[in-house]
Amino acid sequence: MKILYRIYQVFVAIPVTIVATIITTLTVGIGCTLGNGHFWGYYPGRWWAKVITRAFLLPVRVEGRQQLEPNQSYVFVSNHQGAFDIFLIYGYLSRNFKWMMKYQINKIPFVGYACRKSHQIMVDKRGVSKIKNTYQTARHTLETGNCSVVVFPEGARSFTGHMGLFRKGAFALADELQLPVVPLTINGSFNVMPRTRDWRFANWHPLSLTIHQPIYPIGQGPQNVQATMNQAYDSVMSALVPEYQGYVENPDQ
């Protein structure tokens, strides 16, 4: 079956992914240029992500959407198992949001262009002023309109499928704006394409996204930041499959 699945990827899934990516990035770029970036910066990407997961024949299960309130902005925080995390969250979270992503994404052909045009939030750690600009952009996004942000607080994909440490940036942002934090747990992405197998064939494996109960601020300041981060970490960890339970140090953090 593995050989048949790889043949299928060569002739169907990979070509569909390439064509869908080109069409989507051009649609995002043109749409955002013409106006209504709130729509064009999100919905084409959502459709793109669904097309790709379906092209690879990956079943997806989502739990917990009922936890979210309409017209409420959130700071979503998720574990980062692998490349397919992007497709799972983009396609199936069902909330308009902006990514907080590494500035290196800018260098990816077509994708970088679409991210710039749709005003995704590029995390640039090459100096204090650039870090400050990153959070000013995120703050502006959350303060203007019905939009959320999605952050991988580990800052890097796992090498083992387990969780590393959470960084405080996303939680400090939520604390400053007094917004609820929503933990997300991803399962299956590491099995589909682990970091050590980038740009190789995907493995067939079900994907799941668990949306946990929002964590509302209980105050403001360092204690609230730490308490929210600890609670979010525990929530994400609680829904991981047993194989990936427990902390494992990530040397890339």
Quick check against the 3.5 Å criterion: does [X] have a side-chain atom that pairs as donor or acceptor with the backbone of [Y]?
X	Y	value
Thr228	Val225	no
Glu154	His80	yes
Lys168	Met229	no

Margin query: To check you understand the geometry: which heavy-atom pair defines the closest contact between Ser189 and Phe84, and what is its length?
Written below: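 Nearest heavy atoms, Ser189 then Phe84: OG-N, 3.5 Å.
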Check: Which atoms form the tightest heavy-atom contact between Ser148 and Phe76, and what is the distance?
Finding: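 Minimum heavy-atom separation between Ser148 and Phe76: CB-CE1, 3.7 Å.
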Checklist line | Contact check, side chains of Tyr5 and Phe56, non-hydrogen atoms, under 4.5 Å | finding: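 When only atoms from C-beta onward are counted, Phe56 and Tyr5 do touch, with a gap below 4.5 Å.
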Next item on the list: With the side chain counted from C-beta on, respond yes when Arg6 and Ile3 share a heavy-atom pair under 4.5 Å apart, and no when they do not.
Entry: no
Margin query: Which residues end up grouped with Phe190 if you chain together Ile, Leu, Val, Met, Phe, Trp and Tyr wherever their side-chain heavy atoms are less than 4.5 Å apart?
Written below: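 Noted: Phe190 shares its cluster with Val241, Tyr244.
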Indicate every side-chain donor-acceptor pair of residues 208-218 with a distance under 3.5 Å to a residue at least two apart or in another chain.
unit_1	atom_1	unit_2	atom_2	d
His212	NE2	Thr185	OG1	2.8
His212	NE2	Ser235	O	3.1

Item checked: Centroid-centroid distance, Phe110 to Tyr113, less than 6.0 Å -> no
Check: For the residue pair Tyr74 and Phe97, is the inter-centroid distance of their aromatic rings smaller than 6.0 Å?
Finding: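 Between Phe97 and Tyr74, which both carry aromatic rings, the centre distance is not below 6.0 Å.
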Note to self: Using a strict threshold of under 4.0 Å (side-chain N to carboxylate O), is an ion pair present between Arg157 and Asp85?
What the structure shows: no
Check: Between Arg139 and Glu176, does at least one N-O distance fall below 4.0 Å, as a salt bridge requires?
Finding: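 A salt bridge is present here (some side-chain N lies under 4.0 Å from a carboxylate O).
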Next item on the list: Would you verify whether the NZ or CZ of Arg46 falls within 45 degrees of the ring axis of Tyr90 while also being under 6.0 Å from that six-membered ring's centre?
Entry: no
Next item on the list: Following the transitive rule for hydrophobic clusters with a side-chain heavy-atom cut-off under 4.5 Å over Ile, Leu, Val, Met, Phe, Trp and Tyr, establish whether Met101 and Tyr42 coincide in one cluster.
Entry: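 Linked within one cluster.
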Checklist line | Crowding at CD, Gln223 (>12 non-hydrogen neighbours, <6.0 Å) | finding: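 No, because the 6.0 Å sphere around CD of Gln223 holds 12 heavy atoms or fewer from other groups.
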Next item on the list: Give a yes-or-no answer on whether the side chains of Trp48 and Thr21 include a donor-acceptor pair shorter than 3.5 Å.
Entry: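 Note: Trp48 and Thr21 side chains meet the donor-acceptor criterion.
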